[in-house]
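Everything numeric here is computed off the predicted structure, so don't read it as measured data.
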Amino acid sequence: MLSIQKRRGRQPVEGKLRIITNLFLVLGGSALVAISYNLFLLPNQIASGGVSGFATIIYETVGIAPHLTLWALNIPLFILGMLLLGGWNYGAKTIVGTLFLPFVVFLTQDWAPLTNDPLLASLFGGIGVGAGLGLVFRSGASTGGTDLAAQIINKYTGLSLGACVFFMDGLIVTISAFAFSIELALFALIGLFVTGKTIDIVQTGLGYDKMAFIITANEERVKEAILTDVDRGVTKLQASGGFTDDERPVLMVVVNRNEVSKLKYTVQKIDHHAFVVVTNATEVLGQGFKMD
């Protein structure tokens, strides 16, 4: 009974800690996006997609401050998202980033750019924006903008979310080619690519664990060897041969990169005819690996 009460008391504390952690991720990520935007992208006319890219075009052609454009577009999109996508439960995760990012853009608008080289600006601006967005996405939130617009289009048109995001970012980059130059639009594409890759790295990490599928006639011996020699768990999957329809168990193992050679040697030592497929496991959570 006492242990149950302790667990019940711990759950609210863990829930509050997660809320606080997520809030810091949203604030820190939004600030990083805004600072990278002002130090790299805006002064070099790099409009690499998103509402911020559109704000860059408006600023350079009309003279309206970027933070005003961001608020003018993000707030209506936020309200529309609440109405069409999921009410307050959806909006609560988005409102902080939606309001805070333009505020930091305003606070840092007079900071001197770190480079006037458009290639360096697109690379490091893309890294900074991607790292910031990755932190925001890790918290389950969003900074609004074209992400919200893409989700709305996805819901009511049936187009995939990726296609919607690609279309909207591509449209903004295309407009920048006419507003600035084709060369700057190409730099914007570089920034957009770097941003996407950086988001993936922040969310899943730099390192890739490996997942192996093993088909062998000596599955019991191989399984025991992996459990004892490699010291990794094994999952036996039931499968059947595509030609014979004979039952053929498949062993699934997840290991660190530096354990792949040991795993292959262990399997081949028992059955050098074994069929082994090794692939990347982008993110692994649980015992023996990182805990979320």
Tell me, please, which residues at least two apart from T228 pass side chain to side chain contact (heavy atoms under 4.5 Å, CB included). none

Quick note, side-chain hydrogen bond (donor to acceptor under 3.5 Å, both in side chains) partners involving residues 106-129, not counting sequence neighbours, are N38-T108

In terms of heavy-atom contacts, does CZ of F54 have more than 12 from other residues, nucleotides or ligands at under 6.0 Å? no

Donor-acceptor pairs under 3.5 Å, side chain of residues 125-136 to any protein atom, not counting sequence neighbours: which ones?
none

Just checking F100: does its CZ atom have more than 12 heavy atoms from other residues, nucleotides or ligands closer to it than 6.0 angstrom? yes

Would you kindly say whether N280 and K210 are connected by a side-chain donor-acceptor distance under 3.5 Å? yes

Calculate, to the nearest 0.5 Å, the distance between atoms CG and CG belonging to N22 and L27 respectively. 11.0 Å

Which distance, rounded to the nearest 0.5 Å, do you find between the CD1 of I58 and the CG of L70? 11.0 Å

Output all residues satisfying side chain to side chain contact (heavy atoms under 4.5 Å, CB included) with S176, sequence neighbours left out; order by chain, then residue number. A47, I57, V173, F180, A185

Which pairs pass side-chain hydrogen bond (donor to acceptor under 3.5 Å, both in side chains) with one or both residues in residues 265-279, sequence neighbours excluded? T216-D271

Could you pull out all residues at least two apart from S261 that satisfy side chain to side chain contact (heavy atoms under 4.5 Å, CB included)? none

Connected-component partners of F178 among ILVMFWY, side-chain separation under 4.5 Å: none

Under 3.5 Å, is there a donor-acceptor pair between the side chain of D169 and the main chain of G50? yes

Neighbour count >12 (heavy atoms, 6.0 Å) for atom CD, E183: no

Can you confirm whether D229 is buried at CG, in the sense that more than 12 heavy atoms of other residues, nucleotides or ligands lie under 6.0 Å from that atom? yes

So, using salt bridge (charged side-chain N to carboxylate O under 4.0 Å, His left out) as the criterion, who are the partners of E220 when residues are at least two apart? K223, K236

Can you list everything that forms a side chain to side chain contact (heavy atoms under 4.5 Å, CB included) with L99? Sequence neighbours excluded, please. W71, I75, I95

Considering only residues two or more places apart or on different chains, which pairs with a residue in residues 56-68 satisfy side-chain hydrogen bond (donor to acceptor under 3.5 Å, both in side chains)? Y37-T56, Q45-E60

